[in-house]
Protein chains: 2
Amino acid sequence: MNRKRNTTLKELAKELGLSISTVSRALNDHPDISTETKESVKILAAQMHYVPNMFAKGFRSQKTNIIGVIVSNITHLFTSTILKSILEEAEIRGYRVIISESNNNEAKQSEMLTTMSQFGVDGVLMSLARKTTYVDDALRILNRMPLVLFDKVSSKIPCTQIVINEEEAAFNAVEHLIGLGKKRIAIMKETENSYNSEKRYAGYLRALNQYGLPVDEKIILSTEDISLVQGKRLANILLSMKNRPDAIFAITDNAAIGAIKALNKFKIKIPEEIAVVGFSNSINSTIISPTLTTVDQPGDKIGRTAVKYLIEEIENPKNDLLTKTVEIKTNLVVRDSSFKA
Amino acid sequence: MNRKRNTTLKELAKELGLSISTVSRALNDHPDISTETKESVKILAAQMHYVPNMFAKGFRSQKTNIIGVIVSNITHLFTSTILKSILEEAEIRGYRVIISESNNNEAKQSEMLTTMSQFGVDGVLMSLARKTTYVDDALRILNRMPLVLFDKVSSKIPCTQIVINEEEAAFNAVEHLIGLGKKRIAIMKETENSYNSEKRYAGYLRALNQYGLPVDEKIILSTEDISLVQGKRLANILLSMKNRPDAIFAITDNAAIGAIKALNKFKIKIPEEIAVVGFSNSINSTIISPTLTTVDQPGDKIGRTAVKYLIEEIENPKNDLLTKTVEIKTNLVVRDSSFKA
DNA sequence: CTGAAAGCGCTTACAG
DNA sequence: CTGAAAGCGCTTACAG
């Protein structure tokens, strides 16, 4: 079949008996052009369904109005919520978005950065792949365009970073458990020292210290992949102890839900015998029984803030490299898994 | 700060004392160029971190290798699963992806189509906004580039459409309930006649007919927004009947889960008194208690298939407009909400 | 085997 | 108020 080509400035110009320059200016509301000319040009443009070719435009002006976004896994609700707000906020500000997934693969992530650069995006938003150690590509990108990190960040990359108040959020969660009278609070965290896991662990320790509770290594559990299955497994370990904990703080909802499933199986009363608190406020936290107390991370706000800072840097390139860290406040959502009946 | 610009062919050419043409050809492995020249060009290109400017390239060749994707809501797991596979499959085939959300807003959807066209994407993948009636913009796009619809489709748009076997899937689900000995099966569906809801309803009716069960309008419930809350509400209506159903087929997992929550509240035994089957195999279906029997929609396969057909049409534009409908098979996942103990 | 030149669709400094 | 011309970075038919 024969595809129609898009209408071009040239065709409009020919049709109107004007020059391409004039048509271009008329469409862009240049003050030099007379109102009547503008009028007639716009009418014909609408009639012929003229849409400017953004490639030509961006190519010419060295500005594409495209933002590149790199995340590890788009199917995580937290991630897709952030993406949704990025799409919305970017669109409001006149930018389009190209999304890539690294799948937590560092090599892939580097490759995506290169691709972004090929496409001449005006800036990049990125949440780092787990265990990212090689940051040279990110640094090279940073030399060419603004880069803003969010959620999974790294101090090795001197750029604006948008995070939640991880430490404080964890502190609040544990403090809440202490407020319920819990004295032996286990934690389920990640083995490797991801930014997020480390901060949450720090908040846990601070809460115990501040309220004079002993820190017991035996109930500080770590796992590589902090998933539902691992939550179950770790909960079973806790249940097998003579000196069981009376509360569990899991640094992800999935692990917390796995723990609840394990506790339910053994008919442990939640929260009376063991209270459980998660982190993320995923949908599942309202589906599980009992419903899960958890930290709500405002993905929406994270996305919008990241876009705001990135576009600010794109449009005001005068600023020097700034390593600003922006903390977004979270909220503890108390539900049945920790509610003192 | 001073951003570095990307290295260009011109710079490479100057450095090497070659013409731009030769450098371009060397990089593209043109047969005319000598091995040594290619070698030296490629070495310098790597050293100087040369990345081709895709804008210039696409602009010149009238091919961007970008696919536009329009979905209604990226945060639905089913949608993000499809998107994930679209990203993967497109990348394998050398395409990048621009994603837009319509938020089920028809005007927004039209706008997105125009934007896609502005960016000169090579083709568009789209899942229609609910209640889409105005298809002129889609038809215009179709005149300019290949368009493939998936999931939410419309017979008004003559293009390749990727769907699941909605009718058969619903038939199988209801047949399964009948196999358990259920004789009075309620359905929760959508008020408006979306493609998906209609097909599932048709499957429901066919199963009842085929097994000689009466169709009772009173237990055929419709709602505009087939959500968890609505599922609860409709379940309460069913429970208030003198002649209660012994099974519920909800055309979405959310509604099914809402129903289960309502039944749990009234201590109705699931599946003995009332069995429940949903549709989607969302994560929640394994979190709810009892776990939910549901139709697994292979989002992954839908995405890959859509990309495959679209790129096929992009790269072989000779084919005439073809209204092919591709059906992806689904699977009934039987869990506790319908398992005869 | 290599180069000069045109051109993709647009914007914009320059000239009138 | 309008137009001719250059140029963004690349590819490719044409010439040698």
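Everything numeric in this text was worked out from a predicted model, so none of it was measured. Chain identifiers are assigned alphabetically (A, B, ...) following the order of the sequence lines, protein sequences preceding nucleic acid strands; residue numbering begins at 1 within each chain.
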Undergrad: Check the distance between D/dT12's C1' and B/Leu9's CG and give it to me in whole angstrom.
TA: 13 Å

Undergrad: Take atom CZ of A/Arg25 and atom C1' of D/dC1, then tell me their distance rounded to the nearest Å.
TA: 9 Å

Undergrad: Taking atom NZ as the centre, does A/Lys63 end up with more than 12 heavy-atom neighbours from other residues, nucleotides or ligands that are less than 6.0 angstrom away?
TA: yes

Undergrad: Under 4.0 Å between a side-chain N or O of B/Ser34 and OP1 or OP2 of C/dT2?
TA: yes

Undergrad: Looking at D/dC10, I'd like to know if its phosphate oxygens (OP1 or OP2) sit under 4.0 Å from a side-chain N or O belonging to B/Tyr50.
TA: yes

Undergrad: Across the strands shown, which category fits B/Ile20 at heavy-atom distances under 4.0 angstrom: base, sugar-phosphate, nothing?
TA: base

Undergrad: Given atom NZ of A/Lys14 and atom C1' of D/dG3, what is their separation to the nearest angstrom?
TA: 18 Å

Undergrad: How many Å lie between NZ on B/Lys10 and P on D/dG7, as a whole number?
TA: 8 Å

Undergrad: Could you give the distance separating C/dT12 and C/dG16 at their C1' atoms, to the nearest angstrom?
TA: 16 Å

Undergrad: Measure from CG on B/Asp32 to P on D/dT12 and round the result to the nearest Å.
TA: 13 Å

Undergrad: Tell me whether A/Arg130 is salt-bridged to A/Glu106, with the criterion being a basic N under 4.0 Å from an acidic carboxylate O.
TA: no

Undergrad: Does a side-chain N-to-carboxylate-O contact under 4.0 Å join A/Glu312 and A/Lys308?
TA: no

Undergrad: Are OP1 or OP2 of C/dG3 and a side-chain N or O of B/Ser19 less than 4.0 angstrom apart?
TA: yes

Undergrad: May I ask you to say what B/Ser21 touches in the nucleic acid, namely base, sugar-phosphate or nothing, with a heavy-atom cut-off under 4.0 Å?
TA: base

Undergrad: Has B/Thr37 got a side-chain N or O lying under 4.0 Å from the OP1 or OP2 atom of C/dT2?
TA: yes

Undergrad: Whole angstroms only, please: what is the CG-P distance between B/Asn28 and D/dT12?
TA: 8 Å

Undergrad: Quick check on D/dG9: is either OP1 or OP2 less than 4.0 Å from any side-chain nitrogen or oxygen of B/Thr8?
TA: no

Undergrad: How long is the line joining CG of A/Leu27 and P of C/dG9, in whole Å?
TA: 16 Å

Undergrad: Considering Watson-Crick and G-U wobble pairs with both distances under 3.5 Å, what does D/dA4 pair with?
TA: none

Undergrad: Hey, is B/Lys108 close enough to A/Glu91 for a salt bridge, meaning N to O under 4.0 Å?
TA: yes

Undergrad: For B/Asp300 and B/Ser85, does a side-chain donor sit closer than 3.5 Å to a side-chain acceptor?
TA: no

Undergrad: In whole Å, I'd like the distance from the CD1 atom of A/Ile33 to the P atom of D/dT2.
TA: 5 Å

Undergrad: When we call it a touch if two heavy atoms are under 4.0 Å apart, what does A/Asn53 touch: a base, just sugar-phosphate, or nothing?
TA: sugar-phosphate

Undergrad: Select base, sugar-phosphate, or nothing to describe what A/Ser24 touches, counting heavy atoms under 4.0 Å on all strands.
TA: base

Undergrad: Taking any strand in view, what nucleotide pairs with D/dA13 in a Watson-Crick or G-U wobble way, both distances under 3.5 Å?
TA: none

